[in-house]
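Since we're looking at a predicted model, the values are computed, not measured. Only this structure's heavy atoms are used, side chains among them; waters, hydrogens and symmetry mates stay out.
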Amino acid sequence: MTQEARRPARLPLRLRRGPVRWEAQRPTWREAKPMLLADAVKAALARPSGNWFVLGASGDIGAHRSFGRTVAGVEVVAWRDAAGRLLAGPGACPHLGAPLDRSPVHGGTLRCRWHGLALDGAPFAGWEPFPAHDDGLLAWVRLDEAGGEPPLPEPVLPLRPRTAGAVTAVHTVTGVCDPEDVIANRLDPWHGAWFHPYSFVDLTVVDPSPQRGTERSEGIAVEVSFKVAGRAVVPVTARFTAPEPRTVVMHIEAGEGQGSVVETHATPLGPDDRGRPRTAVTEAIVATSRRPGFALAHAAAPALRPLMRAASRRLWRDDLAYAERRWELRSSGRHPG
């Protein structure tokens, strides 16, 4: 291949030729076979997680105040030691059970607001730390009792570009469903152009393989165009994979942003006041490009992140409705899959 052939086009935008109205596009329900979707979800759920759960964005856990979240019904608190290392443990103070969420942290030591008990991350008075991991973008906690699997020393992380040269954004939303319902949504790309016409057009699934092999060799490959405005689109080839049972990753394999990923992580929280399951969906975007001008985008990352989060929020407004509806049907024995 010549250097000219390898060089990306000067502009990533394309104009759609003969654009089709939403109602006139080719139906995808025949390809989105219930058994095929069920097999993909089943294969994803069978992968090991090592009992690791996404706790939140790395940037949400700072040096001066603790971060709290209930994960799989377990109250968890996280903070950073004096060296910036992520620490985590039970979210109740071992003295009288005070909530440790949003407690002040001084020099890496957490101070309970009720009586000033100090925790530095080491075991104390029956309080035992949880294994924690910071991958540079997301914070993880390992809950062996809740996970019930053989533990792994680190989370099963997806392949992603180096964050140092990329534009990243993390967004979290919460829905009434199980993690499985979120995974099912992401492993159904056939709904994209029908359910999200404001973002996706001209979508074709070219490889509907279930998750059997390595992250790069298997998955569901899709040719799709991201809608910009009017007839202007950005065509790409993307592949959806599930490296572990609560994660689905979209890799951009060809087209603008080749190498970029969008990670969707589903974390069970616990039941709501009506006994329904709640799941936090954490979407992490790692955008990269071979274009020389991408350095300008990287420099403008603080301004771009709110826009990226807004786009993610709009998509997940619809996708959570999909996941919540699937849970409603499953829980009442009405799900056709």
Side-chain angles (χ1 to χ4, degrees), residues 49-147 151-155 157 163 168-176 179 246 263 265-273 277-284 302 305-306 309 313:
S49 73
N51 304 324
W52 288 95
F53 299 82
V54 167
L55 188 59
S58 295
D60 289 343
I61 305 175
H64 304 295
R65 190 169 295 277
S66 66
F67 173 93
R69 170 160 283 168
T70 298
V71 177
V74 179
E75 198 174 5
V76 178
V77 66
W79 72 100
R80 296 190 183 276
D81 66 12
R85 184 171 62 97
L86 181 67
L87 303 174
C93 179
H95 174 223
L96 289 177
L100 297 176
D101 178 22
R102 299 190 61 78
S103 293
V105 177
H106 298 280
T109 298
L110 180 152
R111 290 279 181 177
C112 176
R113 292 176 296 168
W114 278 19
H115 298 93
L117 184 145
L119 294 171
D120 62 4
F124 180 81
W127 187 95
E128 292 287 338
F130 297 139
H133 181 84
D134 188 336
D135 67 20
L137 187 63
L138 300 171
W140 301 71
V141 63
R142 198 181 81 195
L143 303 175
D144 292 337
E145 189 171 335
L152 294 175
E154 292 186 352
L157 297 178
T163 56
T168 64
V170 180
H171 173 63
T172 300
V173 294
T174 302
V176 177
R246 289 179 289 274
E263 303 175 11
H265 302 272
T267 301
L269 302 179
D272 65 10
D273 55 4
R278 295 167 58 250
T279 293
V281 180
T282 302
E283 185 153 280
R305 286 192 185 100
R309 293 191 187 105
R313 189 178 300 114

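Closest heavy-atom contact between P268 and A266: CD-O, 3.9 Å. Of all heavy-atom pairs between S66 and V105, the closest is N-CG2, 3.9 Å.
For R111, the salt bridge (charged side-chain N to carboxylate O under 4.0 Å, His left out) test picks out no residue, with sequence neighbours left out. When the side-chain hydrogen bond (donor to acceptor under 3.5 Å, both in side chains) test is applied to T282, the partners found at least two apart in sequence or on another chain are T172. Applying the ring pair (Phe, Tyr, Trp, His ring centres under 6.0 Å) rule to W52 yields no partners; only residues at least two apart in sequence or on another chain are considered. Evaluation of the side-chain contact (heavy atoms from CB on, under 4.5 Å) rule for A146 yields A72, V74, L143 as partners, not counting sequence neighbours. Taking the side-chain hydrogen bond (donor to acceptor under 3.5 Å, both in side chains) definition, one finds that E75 meets it with nothing, sequence neighbours left out. The salt bridge (charged side-chain N to carboxylate O under 4.0 Å, His left out) search around D135 returns R160, not counting sequence neighbours. Scanning for side-chain contact (heavy atoms from CB on, under 4.5 Å) contacts around N51 gives R142, D144, E149, P151, with sequence neighbours left out. In this structure R69 satisfies the side-chain hydrogen bond (donor to acceptor under 3.5 Å, both in side chains) test with no other residue, sequence neighbours excluded.
W79 is not listed as a side-chain neighbour of S103, based on a closest heavy-atom distance of 4.5 Å or more. Between P179 and T267, the closest side-chain pair of non-hydrogen atoms is not below 4.5 Å. The shortest side-chain heavy-atom distance between H133 and L157 falls under the 4.5 Å cut-off.
The side-chain hydrogen bond (donor to acceptor under 3.5 Å, both in side chains) pairs that include a residue from residues 82-94 are D81-R85, where partners are two or more places apart or lie in different chains. Within the structure, ring pair (Phe, Tyr, Trp, His ring centres under 6.0 Å) pairs that include any residue of residues 81-114 comprise H95-H115 (at least two apart or interchain).
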Report task. Give the C-alpha distance, both sets of side-chain angles, the deciding distance and a yes or no for side-chain contact (heavy atoms from CB on, under 4.5 Å) between F53 and V76. Result -> CA-CA 11 Å; F53 299 82; V76 178; over 6 Å; no
All N/O donor-acceptor pairs, side-chain side in residues 116-131, below 3.5 Å, sequence neighbours left out:
from, atom 1, to, atom 2, distance (Å)
D120, OD1, A122, N, 3.0
W127, NE1, P90, O, 3.0

Between side-chain atoms of residues 54-65 and protein atoms elsewhere (two or more places apart, or another chain), which donor-acceptor pairs fall under 3.5 Å?
from, atom 1, to, atom 2, distance (Å)
S58, OG, D134, OD1, 2.7
S58, OG, L137, N, 3.4
S58, OG, L137, O, 3.3
S58, OG, L138, N, 3.0
S58, OG, L138, O, 3.2
R65, NH1, R102, O, 2.7

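In this structure, L86 CG and R80 CZ are separated by 5.0 Å, a value rounded to the nearest 0.5 Å.
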